[in-house]
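Both ligands and their constituent atoms are indexed starting at 1 by order of listing.
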Amino acid sequence: MRVGIFDSGIGGLSVLHQALQELPEAEFIYYADEEHVPYGEKTGKQIKGYIDEIIKFLLKKRVDAIVIACNTATSVATKEYRSRFPVPIIGMEPAVKQAVELYGHLPGRILVAATPVTIAGDKLHHLVEQVDREDKVDLVALPGLVRFAEKGDFDTDEITEYLKQELKAYPLERYKAFVLGCTHFNYFKAYYKKIFPENVKYVDGNAGTIRQLLRKLGYQKEEMPRAGGGERIKYYFSGAPVTAGDRRRINVYMEQLGRLDSI
Ligand code: DGL
C-alpha cells in the first residue's frame, strides 16, 4: 500500500507523523509545495491549479490513495473535483464537528483557527451551520502561523506576541476548545498553552483523517498490506526530490512533532 500525502508545505508532516504511527506497514510519498506556500493567501483558482499538478504527479508514482493534508486545499477542492481521480482522495477540514461532539456540552465557546482562504470559504461556513446548533463557534484566520512554521523557528517570543495581537478581540477565558484548522498550526501547541486557560482542549483533524483513509481503502489498521521493502518515505518539494538540506529540515519538524506528542 502506497499513500501520497501532500500539503502546501511542511504542515502536512503532522498528518504523516500520525500515519506513520497508525499504519506501520504502509509506504508514503510526502509532497510539500514549497514553491507556492502559503496557499492560504492565494486565490481558489491558483490553488486548484497546484492541486491538479500534485495529484497528477502522485498518480504517476502509483499511489493507492491521496491525502490532502491541507485544510486550505480541501476547502477549494469540491467533492466532484475529488471524485475525478482513479484513487481515493481524502481531504481535511477543520475538526469543528469533532470539537462540538466532544466538548459542546461543556460551558464555554469553541474557537476555530485556520488560514484566510479556509475561514472565508463556503465549505467551513456550511460545516459550522450544520454542527453549531447553539451558536458557540467563533472563527479566526492566523496566516502568520504558517510563516512561522515554514521558518521552522519554534522558540521565539514573536509567536506569543503574534497570537496575543491577533486574538486581542477574543475573550480567551471564555473558550473551552481550540480547533487547529490548518496543519501548519500543529507545531505551536506549547504557545497556545501559554495564552489560553489551562483546561482548554486542543483539537486537530489528524487522527480523523487517517481513520477516513482506512475507511476509504476498506482496511482495518491491522489488515494494511505490507510495503514492498524499499524506502518507506520519499519526500518531494514541488516535484523535485528533496536535497540533503531539505531532509535535515524535515527531520527538525518530525522531531518537533515527536516532542509535542507528550503535550
Ligand atoms: N497547511 C495548510 C492548511 O492546512 C495551509 C497553509 C498555507 O499554505 O497557507 O490549511
Once the angle between the rings of Y187 and F154 is folded into 0 to 90°, is it parallel (under 30°), tilted (30 to 60°) or perpendicular (over 60°)? parallel

Using a 4.5 Å cut-off on heavy atoms from C-beta on, say whether the side chain of L58 contacts that of I55. no

Can a salt bridge be assigned to the pair K42 and D33 using a cut-off of 4.0 Å between side-chain N and carboxylate O? no

Would you say Q130 and H126 are linked by a side-chain donor-acceptor pair, where the criterion is simply a distance under 3.5 Å? no

Donor-acceptor contact below 3.5 Å, side chain Y253 vs main chain E150: yes

Could you please provide the protein residues found below 4.0 Å of ligand 1 on a heavy-atom basis, arranged by chain and number? D7, S8, V37, P38, Y39, G40, C70, N71, T72, T115, V146, C182, T183, H184

Consider side-chain contact (heavy atoms from CB on, under 4.5 Å). Of L167, I159, L180, which one does Y192 pass it with? L180

